[in-house]
Amino acid sequence: MTERSYPSEYFDAKSSVECGQMFRYRAEEGGYFLIAGDKACFLRTEGDTTVLKAEESAIWFFEEYFDLGRDYGAIYLAAQREGGALARAAEAGKGIRIFRQPPFETLVTFLLSQNNNIPRIRAATEKICATLGERRAFGERKYFAFPSAGRMAEADEAFYRSVGAGYRAPYLLRAAKSVASGEKVCEGTDLTCFYGVGKKVADCISLFAFHRTRAFPVDTWLEKVYREEYGGKERDRGKIAAFFEEKFGENAGYFQQYLFYAKRSGVI
């Protein structure tokens, strides 16, 4: 195992992990055990330092996964210049980084996220991985890799319903079959071509898998922000997303995470 340390001002374990962008983690030993695809790491923040622990061969993967080559100080300062609720949100979520997640895994987990809450999304995801994924080890910890599309395509709707997917079960199965048969989950494609993927889920995949930072996913929390902090009157979430994308441009996705985290935390 290898450990590397980074300044925590713009890389905080808690706010980054718990801001709703990923679901394969558990809190333990003062930090977080994270799984991404078939790899795992342990992340903890201690004062002004965040420590990443992973296999030497996986360090490069997680440095890219956590977007550690980007200057988030400049993003934070841009949010401060906007003032108001966004400035307060950025102060509260200063340590958030947007992760670069495996595309198929992001498609599956955000299909599960529709009209759902984080504990249920995490539970369903872990059951899928425990049944269909390969068993792996991280030191003394055991975990399951995220299954391939081919492996997921071998299951049936009844299985996905049994793990808690509910009405989303056919979405998962059809997505797996599409990808297993050659459909690509890639940047620049129309992600709504996947059964069950609408504007919000497509925006989540664009932002959290491909780092398309003009995307601004709108859920209940962001709709409240739009009405309460920006005086918005629109009801259509696609139009609300367009409002923020136009307002914030290339920083929209970063600012979305600040606002989501702050609203959910009661800061704004």
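Positions are given from 1, in the same order as the sequence printed here. Not measured: the values here are computed from a predicted model.
With rounding to the nearest 0.5 angstrom, the OG atom of Ser8 is 10.0 Å from the NZ atom of Lys94. Rounding to the nearest 0.5 angstrom, the gap separating the CD atom in Gln257 from the CD1 atom in Ile98 is 5.5 Å. Distance CZ/Phe255 to CD/Glu82: 5.5 Å, rounded to 0.5 Å. Between the CD1 atom of Ile121 and the CG atom of Asn116 there is a distance of 4.5 Å, given to the nearest 0.5 Å. Rounding to the nearest 0.5 angstrom, the gap separating the CZ atom in Phe146 from the SG atom in Cys129 is 5.0 Å. A distance of 10.5 Å separates CZ of Arg100 from CG of Leu68, quoted to the nearest 0.5 Å.
At a cut-off of 3.5 Å, with distance as the only test, a side-chain donor of Arg70 or Tyr254 sits close to an acceptor on the other residue. Checked by atom type, the side-chain pair Tyr10/Asp71 shows no donor-acceptor distance below 3.5 Å. Side chain to side chain, Asp12 and Ser15 meet the donor-acceptor criterion of an N or O pair below 3.5 Å. For the residue pair Tyr76 / Glu91, a side-chain donor-acceptor distance below 3.5 Å is found, with atom types taken as modelled.
One finds a salt bridge joining Lys199 and Glu245 here, because a Lys/Arg side-chain nitrogen approaches an Asp/Glu carboxylate oxygen to under 4.0 Å. The pair Glu28-Arg141 meets the salt-bridge criterion, since a charged nitrogen lies less than 4.0 angstrom from a carboxylate oxygen.
Asp219 contributes a side-chain N or O that, together with a main-chain N or O of Leu222, makes up a donor-acceptor pair within less than 3.5 Å. Checked by atom type and distance alone, the side chain of Gln101 pairs as donor or acceptor with a backbone atom of Gln21 at under 3.5 Å. Between the side chain of Glu223 and the main chain of Ile240, no donor-acceptor pair closer than 3.5 Å is present. Side-chain N or O atoms of Ser16 include one that pairs as donor or acceptor with a backbone N or O of Arg97 at under 3.5 Å. A donor-acceptor pair under 3.5 Å is absent between the side-chain atoms of Tyr226 and the main chain of Phe244, judged by distance alone. Of the possible polar contacts, one joining the Thr213 side chain to the Glu250 backbone as a donor-acceptor pair under 3.5 Å is found. Between the side chain of Arg214 and the backbone N or O of Glu246 there is no donor-acceptor pair closer than 3.5 Å. Counting only distance, with no hydrogens or angles, the side chain of Arg24 and the backbone of Arg122 share no donor-acceptor pair below 3.5 Å. Remark: side-chain polar atoms of Glu228 are not paired, donor with acceptor, to backbone N or O of Val225 under 3.5 angstrom. A distance-only check finds no donor-acceptor pair linking the side chain of Thr125 to the backbone of Thr109 [under 3.5 Å].
At a threshold of 4.5 Å between non-hydrogen side-chain atoms, the residues Phe194 and Val201 do not count as touching. Between Ile118 and Arg264, the closest side-chain pair of non-hydrogen atoms falls below 4.5 Å. No side-chain heavy atom of Lys53 sits under 4.5 Å from any side-chain heavy atom of Arg4. Using a 4.5 Å cut-off on side-chain heavy atoms (C-beta onward), Glu55 and Thr2 make no contact. Contact check for Thr45 versus Val51: no side-chain heavy atoms found under the 4.5 Å cut-off. The closest side-chain heavy-atom distance from Phe159 to Thr131 is below 4.5 Å. Using a 4.5 Å heavy-atom cutoff, the side chains of Ile96 and Tyr72 are not in contact. No side-chain heavy atom of Tyr6 sits less than 4.5 Å from a side-chain heavy atom of Thr49.
Cation-pi geometry between Arg174 and Tyr195 is met: the NZ or CZ atom falls under 6.0 Å from the ring centre, inside 45° of the normal. A cation-pi contact, defined as under 6.0 Å to the ring centre and within 45° of the axis, is absent between Arg44 and Tyr32. Both tests do not hold together for Arg136 against Phe144: distance to the six-membered ring centre under 6.0 Å, angle to the ring axis within 45°.
The two atoms that bring Val179 and Ala149 nearest to each other are CG1-CB, 3.6 Å, heavy atoms only. Smallest separation of non-hydrogen atoms from Tyr258 and Ala79: CE1-CB, 3.9 Å. Residues Ala36 and Pro102 share a closest heavy-atom pair of C-CG, 4.4 Å. Annotation for Ile205 and Thr106: closest pair CA-CG2, 4.0 Å, computed over non-hydrogen atoms. Here the closest heavy-atom approach between residue Tyr261 and residue Gly93 is recorded as CD2-CA, 4.0 Å. When all heavy atoms of Ala241 and Asp203 are compared, the pair lying nearest together is CB-OD2, 4.3 Å.
Using cut-offs of 30° and 60° on the angle between ring planes, the pair Phe33 and Phe138 is tilted. Ring geometry for Phe61 against Tyr65 counts as parallel: the plane angle stays under 30°, on a 0 to 90° scale with 60° as the upper cut.
One hydrophobic cluster holds both Leu112 and Met152 under the rule that ILVMFWY side chains link at heavy-atom gaps under 4.5 Å. Residues Ile59 and Met1 do not share a hydrophobic cluster, clusters being chains of Ile/Leu/Val/Met/Phe/Trp/Tyr side chains in contact below 4.5 Å. Met22 and Leu259 fall within the same hydrophobic cluster, defined by Ile, Leu, Val, Met, Phe, Trp and Tyr side-chain heavy atoms under 4.5 Å apart, directly or through other members. By the criterion of side-chain heavy atoms lying less than 4.5 angstrom apart, applied directly or through intervening Ile, Leu, Val, Met, Phe, Trp or Tyr residues, Phe104 is not grouped with Tyr143; the two fall into different hydrophobic clusters. Hydrophobic clustering (side-chain heavy atoms under 4.5 Å, transitive across Ile, Leu, Val, Met, Phe, Trp, Tyr) groups Phe208 together with Phe248.
Within 6.0 Å of CD in Glu46 there are more than 12 heavy atoms belonging to other residues, nucleotides or ligands.
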Next on the checklist: Could you go through Phe99 and Phe66, starting from their C-alpha distance and side-chain angles, then the distance that decides it, and tell me whether this counts as ring-ring contact (aromatic ring centres under 6.0 Å, His included)?
Outcome noted: CA-CA 5 Å; Phe99 301 166; Phe66 295 128; 5.0 Å; yes
Next on the checklist: Evaluate Arg168 against Ser113 for side chain to side chain contact (heavy atoms under 4.5 Å, CB included), listing each step before the verdict.
Outcome noted: CA-CA 9 Å; Arg168 310 162 198 84; Ser113 76; over 6 Å; no
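Aromatic rings from Phe110 and Phe23 are positioned such that their centres are separated by under 6.0 Å.
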